[in-house]
Amino acid sequence: MRCPFCGYEESKVIDSRPTEEGEKIRRRRECHSCKKRFTTYETVETLPIVVVKKDKSRQVFDKNKLMGGMLKACEKRPVPLELIEEAVDDIESMLQNSLEREVTSIKIGELAMDKLKNIDEVAYVRFASVYRQFRDVNSFMDELARLLGNQ
């Protein structure tokens, strides 16, 4: 870390502690050359995830949009909010941990359906009916048959 006073490139950390929000680390440093002290902050670098939609347009991943879709699927179902939040966090973590910076909306939809299948089967079918755009009763019944076949 370059000293803001003399420009020397080496310093030592005197004190290190998290900020009140817990999202940054505050470090007090001392320059090896001029002995002056200064403060730096360290944060986790996150790169935005870009979602490639079905029409090939791109937009930044919005965790709240995914949460809204999953909440709507779970409406009037005995599903605790914590389970949905945990599922959304898991999906976001999977996307962040993959080395891909662009992900298709299809992949996100599949991840959401996998999570919902384990949380509540009715919510899964609701989400699938919107996501897969069922055209008629037969396509709906095919999905139910697939669901029942996997048990």
Side-chain angles (χ1 to χ4, degrees), residues 1-4 7-13 15-29 38-151:
M1 182 63 61
R2 186 181 304 264
C3 174
Y8 192 69
E9 290 193 16
E10 290 188 38
S11 63
K12 66 179 175 181
V13 176
D15 182 43
S16 183
R17 64 181 70 168
T19 59
E20 288 180 22
E21 312 86 49
E23 304 214 354
K24 296 179 186 175
I25 302 286
R26 178 185 181 272
R27 300 200 192 282
R28 286 294 293 161
R29 295 177 175 271
F38 57 99
T39 303
T40 61
Y41 291 90
E42 181 179 313
T43 60
V44 173
E45 180 180 36
T46 58
L47 297 172
I49 299 166
V50 176
V51 179
V52 180
K53 301 185 65 118
K54 290 177 184 175
D55 67 358
K56 304 294 184 218
S57 66
R58 286 167 167 70
Q59 68 183 81
V60 175
F61 173 74
D62 184 356
K63 181 178 178 175
N64 292 326
K65 189 172 178 182
L66 177 59
M67 174 71 98
M70 292 180 76
L71 279 171
K72 190 166 281 285
C74 294
E75 204 167 90
K76 297 183 182 179
R77 297 294 303 154
V79 178
L81 180 61
E82 294 80 32
L83 275 180
I84 301 168
E85 289 173 336
E86 187 178 305
V88 171
D89 288 343
D90 287 350
I91 292 169
E92 183 182 35
S93 291
M94 282 188 246
L95 297 175
Q96 282 288 351
N97 291 335
S98 78
L99 298 177
E100 299 173 34
R101 292 296 101 207
E102 288 190 343
V103 63
T104 64
S105 59
I106 293 168
K107 171 126 174 122
I108 294 171
E110 294 294 331
L111 290 170
M113 286 194 306
D114 285 346
K115 293 291 182 184
L116 284 171
K117 191 184 290 186
N118 295 324
I119 293 172
D120 186 271
E121 291 178 342
V122 173
Y124 163 78
V125 172
R126 286 178 178 171
F127 190 91
S129 70
V130 173
Y131 171 72
R132 293 213 170 114
Q133 299 174 339
F134 294 152
R135 303 270 184 247
D136 55 27
V137 174
N138 289 333
S139 57
F140 191 79
M141 293 302 290
D142 290 343
E143 185 64 33
L144 286 175
R146 249 194 312 272
L147 178 64
L148 293 172
N150 288 336
Q151 289 185 350

Would you name the heavy atoms of [X] and [Y] that are closest together and state the gap between them?
{"X": "Ala112", "Y": "Phe127", "result": "CB-CZ, 3.7 Å"}
{"X": "Asp120", "Y": "Ala123", "result": "OD1-N, 2.9 Å"}
{"X": "Met70", "Y": "Ala87", "result": "CE-CB, 3.9 Å"}
{"X": "Arg126", "Y": "Lys72", "result": "NH1-O, 4.3 Å"}

Rounded distance (nearest 0.5 Å) linking atom [atom1] of [X] with atom [atom2] of [Y]:
{"X": "Lys107", "Y": "Ile91", "atom1": "NZ", "atom2": "CD1", "value": "10.5 Å"}
{"X": "Leu111", "Y": "Ile106", "atom1": "CG", "atom2": "CD1", "value": "12.0 Å"}
{"X": "Glu42", "Y": "Met1", "atom1": "CD", "atom2": "CE", "value": "8.5 Å"}
{"X": "Ile108", "Y": "Ile49", "atom1": "CD1", "atom2": "CD1", "value": "7.5 Å"}
{"X": "Ser105", "Y": "Arg58", "atom1": "OG", "atom2": "CZ", "value": "11.0 Å"}
{"X": "Asp89", "Y": "Met94", "atom1": "CG", "atom2": "CE", "value": "11.0 Å"}

How far apart are the C-alpha atoms of Thr43 and Ile25, what are their side-chain angles, what is the distance that settles it, and do they pass the side chain to side chain contact (heavy atoms under 4.5 Å, CB included) test?
CA-CA 7 Å; Thr43 60; Ile25 302 286; over 6 Å; no
So for atom [atom1], which belongs to [X], do other residues, nucleotides or ligands contribute more than 12 heavy atoms lying within a distance under 6.0 Å?
{"X": "Arg17", "atom1": "CZ", "answer": "no"}
{"X": "Glu100", "atom1": "CD", "answer": "no"}
{"X": "Lys53", "atom1": "NZ", "answer": "no"}

Between Thr19 and Arg26, does the side-chain hydrogen bond (donor to acceptor under 3.5 Å, both in side chains) criterion hold? Intermediate values first, please.
CA-CA 6 Å; Thr19 59; Arg26 178 185 181 272; over 6 Å; no
Does any non-hydrogen side-chain atom of [Y] lie less than 4.5 Å from one of [X]?
{"X": "Glu92", "Y": "Phe61", "result": "yes"}
{"X": "Val51", "Y": "Asp62", "result": "no"}
{"X": "Leu116", "Y": "Cys74", "result": "yes"}
{"X": "Thr40", "Y": "Arg29", "result": "yes"}
{"X": "Ile84", "Y": "Val79", "result": "yes"}

Take Val125 and Glu121 through the test side chain to side chain contact (heavy atoms under 4.5 Å, CB included) and record every step on the way to the result.
CA-CA 6 Å; Val125 172; Glu121 291 178 342; 5.6 Å; no
If you measure from the Lys or Arg side-chain nitrogens to the Asp or Glu carboxylate oxygens, is any gap between Asp15 and Arg27 under 4.0 Å?
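Salt bridge flag = no for Arg27 with Asp15.
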Pick from Leu83, Leu66, Asn64: which one makes a side-chain contact (heavy atoms from CB on, under 4.5 Å) with Val88?
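So the option named by the test is Leu66.
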For Phe38 and Ser11, run side chain to side chain contact (heavy atoms under 4.5 Å, CB included): C-alpha distance rounded to whole Å, both residues' side-chain angles, the deciding distance at 0.1 Å, then the answer.
CA-CA 10 Å; Phe38 57 99; Ser11 63; 4.0 Å; yes
Chi angles and distances behind the side-chain hydrogen bond (donor to acceptor under 3.5 Å, both in side chains) call for Thr39, Arg28
CA-CA 5 Å; Thr39 303; Arg28 286 294 293 161; 2.6 Å; yes
Test side chain to side chain contact (heavy atoms under 4.5 Å, CB included) on Arg2 and Tyr8; report intermediate values, then the result.
CA-CA 6 Å; Arg2 186 181 304 264; Tyr8 192 69; over 6 Å; no
